[in-house]
Visitor: 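Please read through the structure below; I'll follow up with questions.
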Amino acid sequence: MQVNGEFRPLIVAFCCNWCSYAGADLAGTNRLNYPADVKIIRVPCSCRVNPMFVLRAFQRGADGVILCGCHPGDCHYTSGNYFTRRRMTLLFSMLDFMGIERERTRVEWVSAAEGAKFAKTMNEFCEAVAKLGENKRLEDLRCKK
Amino acid sequence: MMFRLPVNRLDDLFAAVSAVNSLYLPVDGNDGRASYKKWVEGTKLSSKLNTVRSAKDFFFPQTTNLCDFNVKDKEIEVIDIRADSEDFVVFGVRACDARSFTILDKVFLADPIDSYYATKREHGTIVTLACTRPEENCFCNVFGIDMTSPEGDAACWLTDEYLYINANTGKGTAFIDSIKALLEECSDEDVKAQQTTVKEIAGKLPFAGVSTDYFKKNTLLDIFNSEKWEKLSESCLACGTCTFVCPTCQCYDIKDFNTGHGIKRYRTWDSCMYADFTKMAAANSRNTQMQRFRQRFMHKLVYFPDNNNGEFGCVGCGRCLSRCPISMNIIKVIKAFEEE
Amino acid sequence: MHRIGVFVCHCGTNIAATVDVKAVAEAVREETGVVFSADYQYMCSEAGQTLVQDTIREQRLTGVVVCSCSPRMHEATFRKAAAKAGLNSYMVEIANIREQCSWIHKDMVSGTEKAIILARAAIAKVMLNTPLTPGKTPVTKRALVIGGGIAGIQTALDIAEAGFDVDIVEKQPTIGGKMTQIDKTFPTLDCASCILTPKMVDCAQNEKIHIYSYSEVESVTGFVGNFTAKIKRKARFVDEKKCTGCGECVEKCPMKKVPNEFNLGLDNRKAIYIPFAQAVPKVATIDANYCLMKKNGKCGLCSKVCGAGAINYDQQDEIIEEKYGAIVAATGYNPIKIDKFDEFAYSQSPDVITSLELERLMNAAGPSNGTLVRPSYLSKQDDHEAHPKTIVFVQCVGSRSTECRKGSKEYCSKICCMYTAKHAMLIREKYPDTDVYVFYIDVRTPGKLFDEFYRRAVEQYGVHYIKGMVGKVSPRADGKLDVQGSDLISNEQLHVTADLVVLATAIEPDKTARSIGTMLTASMDTNDFFTEAHPKLRPVESPTAGVFLSGVCQGPKDIPETVTQASACAAKVVGLLVKDELTGNPCVAHSDELMCNGCSACEKVCPYGAITYSDKEFRQPDRTVAIRRVASVNPAVCQGCGACTVACPSGAMDLNGFSNSQIMAEVDAVCR
Amino acid sequence: MQEVKDRAKQLLADGTVNRVVGWKAGEFSYDITPAVFTSAEEIDKDFIYNDFCAPNLSKYLIKESRKEGKLLVFLKPCDTYSFNQLLKEHRILRENVYVIGVPCTGKVDIDTVRAMGFQGITGMESDGENVTVHTLYGDKTVLKADTLGDKCKTCKSKKHVVYDELIGEDGEVNTDGARFELVEKLEKMTADERFEFWRGELSKCIRCNACRNVCPACSCENCVFDNPASGIQQRAAVNSFEENMFHLIRSFHVAGRCTDCGECTRVCPQNIPLHLINRKYIKDINEFYGDFQAGEDTETRAPLNAYTFDDCEPGIVYSRGGNE
Amino acid sequence: MDRKEEILLISGVNVRKCMRCGKCSGTCPNYDEMEYHPHQFVYMVESGNIEPLLKSESLYKCLSCFACVERCPRDVEPAKIIEAVRLSAIRQKGANHIKAENVPELIDEDTPQQLLMSVFRKYSK
């Protein structure tokens, strides 16, 4: 998306309810800035994120997709993020294999106490995606305005 | 009137056509298979007999955007998205594919006319190319098609030295006129000679003697209720390969796609082999794969001829024979019935 | 037709300072399905909630979106408010425009723009919400405790104390567990039986507690609040109700050469036996493997002498079925087998013993009546060589080791450092002429008064602690033991001639734990310890709802820690049993049977064992009937993580409240 | 192979089975059709097992094994992996199937032969070493090794992992890793090159569903791409995104379940090397979580339904080469 | 490659697994003959303090009885480390021991070629 002649990436962040969403709340409570480009979608657990959600986001115009969950070992549901870890490692590896820029996807473990990490992660991710520019390789032209 | 052009000047011909209109012709891909590509400087005409996908794509593409609309509560705004069509030329269409347009025309140009198809037909010039080395899968002659004198707006013959061209329609004449500077008028002797040789090969093709009489002599219901369908269809995978490579299959589905800021209505090819083909609110009219399999062949061999003066809905291009994952095809179906 | 109401909160200036709330309210009014939007100072206030409720009624709203602070703050508030106005509480969605918008952005333009997008996402989601009703299941007010050691006893006592019925199933003839075999406890050095046996008696006398001794759990079905367990009462050939525990039968039994498991085989017992004097229930048990009557039908002495007529050689195993609301695993531990550790010569010399054997050798009720003797001299305790003059303790035998081939454990067994200090101290106190060496890798003494205790062993009692490991123990012809080990501090190899070597053997979960875990669908780690629902926050619950963990079955721990956990576990059980019915979380997974392939992928990833399979008949499109294996989710057990929804390739599994279509609608909305 | 035919007739005759799932001869030597045979006459007439019988029969058993009576199926070594995988997912009723393992030395692929320049192929014969190709324009003999399809060129195993009886000698699992060579080559390319490669390949897709419908791992009762409720239903690959979407999601759904039988590539009418996508998953799984061969047994958990505490982090993707 | 890496590569041992229990040295039958003991080999290689080991006679005192390998609770395999240090020392001296041009004169009828090959491999760089 171009805003005042400057490219602003659209970032979709899936956050697990118990750790990362709370971490994002904490970032807010501590007034830690990160770009408004980030739109958070709450899921019960990172393991709820279906690869098709990730692709859907790209289809609809997202320039980057990030998944945040509890640190391995801290999952509210004991094992959810372990499955996430495998699923997303393989999916992102495949996207990379298909030539989709690997910096457009990321998984980060953020606990409910890590507001600062959440903000830092989002700042870094936005910057990395902004550098890449618009998502052209997984776009659906029909969805462009 | 026959014209010719030395083979080494083919590129000049293509360049001249391209200068005016888009030109599409069969090109070899890196996997050795041919497909239609737009001609650009350096593009070479394929040496293969035919393309994997048929020339149908130019007039009835796999997906066509029909219109856009916006919905706001109960208001609907419809937007016609059709841009002005440009003229184009398809070169190198074989006799079988050329005949497919006769069949497609009967469907799409009958009342009510399909304006999307009609527009494409209007703007497209089909330049055909006679076959010289038919494949074992070819059986166009079963349906009375002469591979050595293809239909189309203009027909071509390629020999070692020359490309011969002759107009069949007014559009074809106009096409030849547009490139006349490159052509010289000539006799049709060489063409005749080639036709004789190729016809001889065609007569020896494995399926040259296949007869379709069974489907003319027996009633629709007898064929429909035959026990043979069960066995013939038992290993069908229900994929749409035969349908999608077929030059005469013309079924489509209409879908809406919500882009988030409007609806796009488009149509896409559909296949009667699919379980959800013509699925209706209540259920599906054909519940088993046997019924769906039967539908495809009944349509080509019975329903279509019944409605079109006995003309079969197949042109014998052989694509389904070479592409079916389980090697079940119309020839095996015809033969199974002919056995009786 | 949707009728959505959107309420935008100012939160004083918390939101309104960075987000143009009026513009948000206006913008969302344009959205399809939205029939009402308003902004308000404090949505969570009484007045704000009233606004929501009035609007629901006046506008006949089908869904509510509140743009405010995090749903973690006030989702419950607005759900309750909506419910009061007659709207299903799950038709409410929150757009987080405070923590995740106004508080992190400074610029009014981008803040407002983002708030509108977040509101749209919530609207898109709420349009796909469906009214949900939490399922309710009744709770059987009875608990089952598997294992009657100190963990099980404490848990049972606490549950009974709260007024609930509780059954203890113990596979041995008596409850009490490992603690009954221990002589003294650290760091106070009080006698284990003195503190344990009163608790055992309490169990027996408590009318809320029923003890199934010499019994095992055969099967468990059901789910939280509604378990059914089958308990096998193994035939002990003595009528528990009649037996008075007088011991006359034991006295008369001619079969004397049965290895006494209570004393770890250091002495013998009879074929009919009471494990120890304070056993609960104090009932005799016939060991059918040795009883002459059972083996060849000749003898019957016990039956003759039994005044109560309690002996019944024809007794059969009995299966009892009982319903429970909660189940506690308290299956305990055992020392590992160390016969593969050749270097310590455990199998070669009787004078190389495990620490638990030492407990028995030092116990007044043990095979030597409390006098410390070398096991090789048990039958000639008066010999002047009987008393060990030099004792070597070896730490970490089988613990902290990756030698799986020997049966080693990678974990630290946690209790050995302390009990070794205890043993060393007790020996030095009672037999000051004895030299005691302790070879250690590390001494680990976290715990109240623990390090002080260990230092006392060194400083007051003069126990020689050597940093290093024993490499080899070789029995000598004269019965003494050559101990070769390294002293890493002085960088020497030491050779000690010892009379007794005590191995601090690693402990492992009881062998029955694995099968019980499977029965309970409770997950276990690779070491067969039960896994907690959360390692920090839910340490006494299994991830399987209604299953609780007490004692060492969850991980190595000492007695004080075990008792602490046992009581915590009881508190959790009571918290469950006190409810008349369980209100489920309606945001659970459900399977569309028409789409399910029965492939079991979902079952494999479910941490709660909430998914089961059954063969069902389905009418096919061609009107024939086919039987397919399909999954179904028990909503009372499912916790709603959604792992199954992604594992399912056909998309048959979906999650209420976070369905595929809802999440995708949100994605679409934020990307619009 | 007469032995195969005889055994089929024998088992039919003694009532062990009431039908045989096998291969049926076609018009030419190469157009083999999977078929169900119910009598010795049918077997004598049409049954065939030779170097052209490439189709993997295991997927037919999902339906067939649920019918009345026991059936006999012939499985090549690589087909037995698919069979096992389907057993593991409870898709085949094992008690209704009698499995005979048949040996395989690689199957001749008609498209490979055509790509060698042959036109008008009216027949082929193989003696195991050489293949004689009869065409309208003359005959020629070529090495059989040169005529193999992609699935056979890098055969993963000549060992039958499940069978009730075996005809011929059992072979060995191939562990040379040759099947990953092309994947490796792609991995070494730059992201731009990989993107171009896949765009070029996937843009050929006509969404005929042949890959999906032939795939033994794609055994869903109702595929998400056919299901309007899934949100990703597709009738056709409308544009480049949907082409990617279909193949990405399909391969993810079969990741850890794909036995690498290679049928997808064999049947693709557009010659898209689809197996490379699946092999990439297999290669990644092997590298990240330890060697795993789907269908090797019926017990081991699929890698995506399992985890270890110290699995690699998704970041491993970013630390690898090939991102220039 | 520095010396430590070389030793780790040759031995294939992960010295970080050592938990300093000393059981290797507790079990060593030739302990008293050695200046540096098995646990010290492991520790010193880990800390990169390898020069003293290379100079020490201990290298050649190890009996390669593998008792330490058998007994080590963490599967560290100290004997392999000692062997690797020994190999490293030999390789260091290696170039001087045998050169390609010296090989022909060593060949006689009784010496198996294989021996020469392994000598060549072991004692030259």
Side-chain angles (χ1 to χ4, degrees), chain C residues 124 128 410 523 525-527 531 535 590-607 611-622 624-631 643-654 659-668 671, chain D residues 59 62-68 84-94 96 212 215-234 241 245 248-258 281 294-295 298-310:
Chain C
L128 295 162
E410 266 194 83
S523 55
D525 63 21
T526 46
N527 293 312
T531 320
H590 57 90
S591 144
D592 182 341
E593 292 179 344
L594 289 176
M595 308 239 283
C596 176
N597 304 326
C599 72
S600 286
C602 52
E603 180 201 25
K604 297 280 188 317
V605 300
C606 180
I611 299 167
T612 50
Y613 289 87
S614 56
D615 287 337
K616 284 198 178 168
E617 285 191 355
F618 289 93
R619 250 172 84 99
Q620 300 292 93
D622 62 2
T624 56
V625 172
I627 295 173
R628 276 197 293 119
R629 181 174 189 271
V630 291
C644 54
T645 61
V646 183
C648 177
S650 69
M653 274 288 175
D654 211 347
S659 69
N660 287 335
S661 55
Q662 283 174 314
I663 297 175
M664 282 197 279
E666 281 183 276
V667 170
D668 291 0
C671 294
Chain D
K59 194 179 183 183
I62 297 174
K63 275 220 164 63
E64 282 298 326
S65 74
R66 284 178 162 73
K67 292 181 182 166
E68 191 69 30
N84 248 358
Q85 182 64 24
L86 285 163
L87 281 183
K88 182 172 168 177
E89 293 171 6
H90 309 276
R91 305 292 282 147
I92 293 178
L93 303 183
R94 181 70 177 92
N96 287 346
R212 182 192 75 185
C215 174
C218 269
S219 67
C220 283
E221 290 293 319
N222 193 351
C223 175
V224 287
F225 288 106
D226 288 347
N227 177 6
S230 74
I232 56 166
Q233 188 205 20
Q234 281 182 14
F241 175 82
M245 178 83 167
L248 278 168
I249 293 290
R250 194 184 91 77
S251 60
F252 187 82
H253 280 181
V254 301
R257 302 165 56 231
C258 165
Y281 273 126
T298 56
E299 309 303 325
T300 317
R301 266 191 187 211
L304 274 167
N305 294 342
Y307 61 86
T308 64
F309 298 129
D310 43 15

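Excluded from the calculations below are hydrogen atoms, water molecules and symmetry mates; all remaining heavy atoms, backbone and side chain alike, are included. The chains referred to below are lettered A, B, ... by the order of the sequence lines, with proteins before strands, and numbering in each begins at 1.
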Visitor: Got a sec, which residues hit salt bridge (charged side-chain N to carboxylate O under 4.0 Å, His left out) with C:Arg629, two or more places apart in sequence or on another chain?
Guide: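 So C:Arg629 forms no salt bridge (charged side-chain N to carboxylate O under 4.0 Å, His left out) with any residue.
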
Visitor: Between C:Ser591 (side chain only) and C:Ala631 (backbone N and O only), is there a donor and an acceptor less than 3.5 Å apart?
Guide: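 Flag set: sc C:Ser591 to bb C:Ala631 pair under 3.5 Å.
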
Visitor: Can you check whether C:Gln662's main-chain N or O pairs, donor with acceptor, with C:Ser659's side chain at less than 3.5 Å?
Guide: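 Yes; judged by distance alone, with no hydrogens or angles, the pair exists.
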
Visitor: Could you tell me which of C:Gly598, C:Ala643, C:Pro649, C:Ala647 has the largest number of non-hydrogen atom pairs under 4.5 Å with chain D?
Guide: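 Of the options given, most contacts go to C:Pro649.
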
Visitor: Could you list the residues that satisfy side-chain hydrogen bond (donor to acceptor under 3.5 Å, both in side chains) with D:Arg91, not counting sequence neighbours?
Guide: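 Residues passing side-chain hydrogen bond (donor to acceptor under 3.5 Å, both in side chains) with D:Arg91: D:Ser219, D:Glu221.
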
Visitor: Is it the side chain or the backbone of C:Met595 that comes within 4.5 Å of chain D heavy atoms, both, or neither?
Guide: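 Both parts, backbone and side chain.
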
Visitor: Under 4.5 Å from any heavy atom of chain D, what part of C:Cys596 do you find: side chain, backbone, both or neither?
Guide: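 Backbone only.
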
